[in-house]
Amino acid sequence: MRTAPPRKDDGPRINDEITVPEVRLVDENGDMKGVVPIQKALELAEEAGLDLVEVSPNAEPPVCKILDYGKFKYEQQKKAAEARKKQKIIDIKEVKIRPGIEKHDYEVKMRSARKFLEHGDKVKVTMRFRGREMAHQEIGLNLLKQMQEELVELCVMELEPKLEGRMMIMVLAPRG
């Protein structure tokens with residue numbers, strides 16, 4: 001019997017680790033051999049110079065395949081790496097503004113927010129109130145609403161503007 005590489009408990013059971021009396025066997029060519037006793041399956045694997053790998057442990061009886069375990073693990077790792085590569089990680093970018101923001105500064109912040117949304121990131125807009133500005137929260141609210149209206153073709157509002165202490169927060173998520 002070939003000695004398979006040591007494995008962690010997260011992989012499929014192989015060779016002598018398979019303890020059920022009968023298994024549904026698939027040979028090295030992919031042909032179904034049917035339900036066979038575990039000893040016969042182990043003998044066939046040994047004759048082929050390969051490992052007996054339990055590919056579907058929850059089936060009744062479990063499905064085992066005769067294959068090269070090292071190659072099998074390598075293929076699984078490649079598939080997992082490919083799946084990770086295709087994932088899109090969404091970051092949350094923050095844009096901080098104040099109620100008395102000047103026109104040019106506002107345009108710069110809008111450009112940043114637009115760029116973040118086009119790249120597929122969420123934008124958290126934070127309006128910070130200082131001193132007596134707290135008495136005029138409607139100015140800040142209007143500014144946030146104006147910002148959302150200008151970006152409406154790029155985003156959807158994920159979190160309506162809400163006041164948390166001295167800050168009003170709004171979260172915009174990209175469309176799509």
Side-chain angles (χ1 to χ4, degrees), residues 1-96 109-126 144 147-148 150-162 164 167 169-176:
M1 170 136 332
R2 266 176 40 126
T3 55
R7 65 176 196 87
K8 297 179 202 144
D9 282 343
D10 60 352
R13 294 188 295 183
I14 55 172
N15 298 332
D16 296 329
E17 297 170 359
I18 303 168
T19 56
V20 293
E22 289 185 329
V23 294
R24 188 172 305 275
L25 184 66
V26 178
D27 70 6
E28 63 272 16
N29 302 322
D31 299 328
M32 183 66 78
K33 294 288 184 186
V35 178
V36 296
I38 188 67
Q39 284 310 116
K40 181 162 173 42
L42 287 168
E43 287 169 15
L44 289 170
E46 191 175 341
E47 285 172 22
L50 298 169
D51 301 303
L52 183 67
V53 180
E54 190 176 48
V55 290
S56 181
N58 298 331
E60 196 53 53
V63 178
C64 291
K65 207 170 191 178
I66 297 174
L67 47 81
D68 183 350
Y69 183 69
K71 190 175 179 182
F72 176 71
K73 283 297 282 182
Y74 175 72
E75 293 294 330
Q76 280 187 325
Q77 287 172 343
K78 272 181 46 176
K79 283 180 192 170
E82 192 67 32
R84 276 195 305 276
K85 202 165 36 172
K86 289 180 182 173
Q87 284 181 339
K88 170 73 175 111
I89 290 112
I90 297 176
D91 290 331
I92 297 182
K93 304 288 188 171
E94 187 171 20
V95 174
K96 294 183 178 183
K109 298 292 184 178
M110 282 298 291
R111 261 196 312 272
S112 295
R114 187 177 301 276
K115 185 176 73 176
F116 295 148
L117 289 166
E118 286 168 353
H119 283 281
D121 296 322
K122 291 182 182 181
V123 177
K124 177 180 177 182
V125 184
T126 306
L144 289 176
M147 208 171 182
Q148 195 268 333
E150 287 182 35
L151 295 169
V152 75
E153 74 281 352
L154 286 175
C155 67
V156 291
M157 189 176 296
E158 192 171 269
L159 181 68
E160 295 281 336
K162 69 175 186 178
E164 291 180 2
M167 299 202 304
I169 295 169
M170 168 177 80
V171 177
L172 303 172
R175 287 191 185 273

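- Side-chain atoms of N15 do not come within 3.5 Å of backbone N or O of D51 as any donor-acceptor pair.
- Partners of S56 under the side-chain contact (heavy atoms from CB on, under 4.5 Å) rule, at least two apart in sequence or in another chain, are A59, V63.
- Scored by the salt bridge (charged side-chain N to carboxylate O under 4.0 Å, His left out) test, E82 finds K85 as partners (sequence neighbours excluded).
- In this structure, the side-chain hydrogen bond (donor to acceptor under 3.5 Å, both in side chains) partners of R114, at least two apart in sequence or on a different chain, are E153.
- Q148 pairs by the side-chain hydrogen bond (donor to acceptor under 3.5 Å, both in side chains) definition with nothing, not counting sequence neighbours.
- Taken to the nearest 0.5 Å, the CG atom of L42 stands 8.5 Å off from the SG atom of C64.
- Every residue meeting the salt bridge (charged side-chain N to carboxylate O under 4.0 Å, His left out) condition with E164, not counting sequence neighbours, appears here in chain and number order: K162.
- For residues 52-65, the salt bridge (Lys or Arg N to Asp or Glu O under 4.0 Å) pairs, not counting sequence neighbours, are R13-E54.
- For E150, there are no salt bridge (charged side-chain N to carboxylate O under 4.0 Å, His left out) partners, not counting sequence neighbours.
- Taking the side-chain hydrogen bond (donor to acceptor under 3.5 Å, both in side chains) definition, one finds that E75 meets it with nothing, sequence neighbours left out.
- With sequence neighbours excluded, the residues satisfying side-chain contact (heavy atoms from CB on, under 4.5 Å) with K33 are L25, D27.
- For P37, the side-chain contact (heavy atoms from CB on, under 4.5 Å) partners two or more places apart in sequence, or in a different chain, are K40.
- With sequence neighbours left out, the side-chain contact (heavy atoms from CB on, under 4.5 Å) criterion links R84 to A80, A81.
- Partners of Q76 according to the side-chain hydrogen bond (donor to acceptor under 3.5 Å, both in side chains) rule, which considers only residues two or more places apart in sequence or in another chain, do not exist here.
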